[in-house]
A.B. asks: 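Structure in structure tokens, see below.
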Amino acid sequence: MLVLTLPNIDSWEFKICGRYWEWLSPPAHLFYYSPDTIKKMLKKHGFEVIHLETYQGDTAGNILFHMYLSLKQFLFYSLKYIKGRNKLLKIRENIRNNLRNETSKEGKEFVGIDSIVFKLCNILWKPFKPLDSWRCKKGRCASILAIAVKK
């Protein structure tokens with residue numbers, strides 16, 4: 001049995017955020033699939049898909065929060081024109097190290113301003129929760145869950 005979870009390139013999050021969507025994140029994700037393309041790839045390699053769905057993912061499927069994270073990423077990568085690529089890479093590594101320390105201390109996925117924005121986005125998104133159920137059924141949520149067995 002093979003169980004995969006992966007970003008959905010057909011999601012509304014990708015359609016809205018484009019190349020700045022935070023889940024376009026090599027080396028964590030090198031290839032990107034839609035529900036249809038992952039089904040085709042698994043079939044091509046001798047697997048039978050027994051379950052496939054899209055779901056909201058680890059940011060609660062909140063499009064507002066995805067947009068915030070993507071804006072942050074866009075602004076950060078725009079710094080390369082001001083600071084230069086090498087300085088930008090050093091800044092990114094320092095930020096990642098600090099975040100690792102903060103998140104492990106607090107035991108939370110989001111800390112600081114991200115935590116505040118996450119909570120605010122969840123409050124603002126509540127009236128749109130039925131829309132999430134509909135788009136997940138249509139294969140447009142941020143994550144794909146595929147379960148397959150070798151034929």
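Please read these numbers as outputs of a predicted model, since none were measured by experiment.
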A.B. asks: Would a 4.5 Å heavy-atom cut-off, applied to side chains only, mark K39 and L52 as touching?
C.D. replies: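 Yes, at least one pair of side-chain atoms sits under 4.5 Å.
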A.B. asks: Heavy atoms, side chains only, cut-off 4.5 Å: are T54 and D10 in contact?
C.D. replies: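 Contact flag for T54/D10 side chains = no.
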A.B. asks: What's the verdict on side chain to side chain contact (heavy atoms under 4.5 Å, CB included) for I9 and Y33, showing C-alpha distance, side-chain angles and the deciding distance?
C.D. replies: CA-CA 6 Å; I9 207 76; Y33 301 93; 5.7 Å; no
A.B. asks: I want to check something: taking the side chain as every heavy atom from C-beta on, are S11 and W21 in contact at a cut-off of under 4.5 Å?
C.D. replies: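 Sidechains of W21 and S11: in contact.
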A.B. asks: Between M67 and I16, is the side chain to side chain contact (heavy atoms under 4.5 Å, CB included) condition met? List the steps.
C.D. replies: CA-CA 8 Å; M67 290 170 65; I16 292 168; 3.8 Å; yes
A.B. asks: Taking all non-hydrogen atoms of both residues, which atom of P130 and which atom of P127 are closest, and how far apart?
C.D. replies: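 That closest heavy-atom pairing would be CD-O, 3.7 Å.
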A.B. asks: Do you know which of I147, L42, V149 makes side chain to side chain contact (heavy atoms under 4.5 Å, CB included) with L2?
C.D. replies: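 Between L2 and the candidates, side chain to side chain contact (heavy atoms under 4.5 Å, CB included) is satisfied uniquely by L42.
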A.B. asks: Any salt bridge linking E13 with R135? Criterion: basic side-chain nitrogen under 4.0 Å from a carboxylate oxygen.
C.D. replies: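 Salt bridge flag = yes for R135 with E13.
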A.B. asks: So, does S70 use its side chain to make a donor-acceptor pair with the main chain of H66 at under 3.5 Å?
C.D. replies: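 Such a contact is found between S70 side chain and H66 backbone.
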A.B. asks: Which value, rounded to the nearest 0.5 Å, describes the distance between L131 atom CG and I63 atom CD1?
C.D. replies: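 Separation between the atoms: 6.5 Å.
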A.B. asks: With side chains defined as the heavy atoms from C-beta onward, is the minimum distance between E53 and Y55 less than 4.5 Å?
C.D. replies: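 Yes, at least one pair of side-chain atoms sits under 4.5 Å.
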A.B. asks: Could you tell me whether a side-chain N or O of N8 sits under 3.5 Å from a main-chain N or O of I144, the two making a donor and an acceptor?
C.D. replies: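 No, because the side chain of N8 does not come within donor-acceptor range (under 3.5 Å) of the backbone of I144.
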A.B. asks: How long is the straight-line distance from NZ of K138 back to OG of S133, given to the nearest 0.5 Å?
C.D. replies: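 Nearest 0.5 Å value for the OG-NZ distance: 13.0 Å.
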A.B. asks: Membership question, hydrophobic clusters at under 4.5 Å side-chain separation (ILVMFWY): are V49 and F47 in the same one?
C.D. replies: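 Hydrophobic grouping puts F47 with V49.
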A.B. asks: Quick check on the hydrophobic clustering: are F118 and I116 connected, directly or via other members, by side-chain heavy-atom contacts under 4.5 Å?
C.D. replies: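 F118 and I116: separate clusters.
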A.B. asks: Is there a path from L30 to I38 through hydrophobic residues (I, L, V, M, F, W, Y) whose side chains come within less than 4.5 Å of each other?
C.D. replies: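 Same cluster.
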A.B. asks: Would you say V117 ends up clustered with L69 if hydrophobic residues are merged whenever their side chains have heavy atoms under 4.5 Å apart, either directly or through other cluster members?
C.D. replies: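 Yes, L69 connects to V117 through the hydrophobic network.
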A.B. asks: Can you find a heavy atom in the side chain of F65 that is under 4.5 Å from one in the side chain of L120?
C.D. replies: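 Heavy-atom side-chain distance check fails, nothing below 4.5 Å.
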A.B. asks: Answer yes or no: is there a donor N or O on one side and an acceptor on the other, between the side chain of K150 and the main chain of H45, under 3.5 Å?
C.D. replies: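 Pair found, side chain donor or acceptor close to backbone of H45.
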A.B. asks: Any chance NZ of K126 has more than 12 other-residue heavy atoms, nucleotides or ligands included, within less than 6.0 Å?
C.D. replies: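 Count not over threshold, so no.
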A.B. asks: With side chains defined as the heavy atoms from C-beta onward, is the minimum distance between T5 and S143 less than 4.5 Å?
C.D. replies: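 No, every pair of side-chain atoms sits at 4.5 Å or beyond.
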A.B. asks: Do the side chains of I113 and Y68 get nearer than 4.5 Å, heavy atoms only?
C.D. replies: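 Yes, at least one pair of side-chain atoms sits under 4.5 Å.
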A.B. asks: Please find the pair of heavy atoms, one from P35 and one from G139, that lie closest to each other, and give the distance.
C.D. replies: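 The answer is CG-O, 3.9 Å.
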A.B. asks: Are W23 and C17 close enough that some pair of their side-chain heavy atoms sits under 4.5 Å apart?
C.D. replies: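 No - every pair of side-chain heavy atoms lies 4.5 Å or more apart.
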A.B. asks: If you apply the rule side chain to side chain contact (heavy atoms under 4.5 Å, CB included), what do you find for C136 with Q56, and how did you get there?
C.D. replies: CA-CA 7 Å; C136 285; Q56 295 169 334; 4.1 Å; yes
A.B. asks: Start with the C-alpha distance between D132 and W125, add both sets of side-chain angles, then the distance that settles side chain to side chain contact (heavy atoms under 4.5 Å, CB included), and finish with yes or no.
C.D. replies: CA-CA 10 Å; D132 278 337; W125 191 251; 2.7 Å; yes
A.B. asks: At their closest point, which heavy atom of Q73 faces which heavy atom of R19, and how far apart are they?
C.D. replies: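 Smallest interatomic distance, heavy atoms only, reads NE2-O, 4.4 Å.
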A.B. asks: Cluster question for you: counting only ILVMFWY and a side-chain heavy-atom cut-off of under 4.5 Å, with indirect links fine, are W12 and L64 together?
C.D. replies: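 Same cluster.
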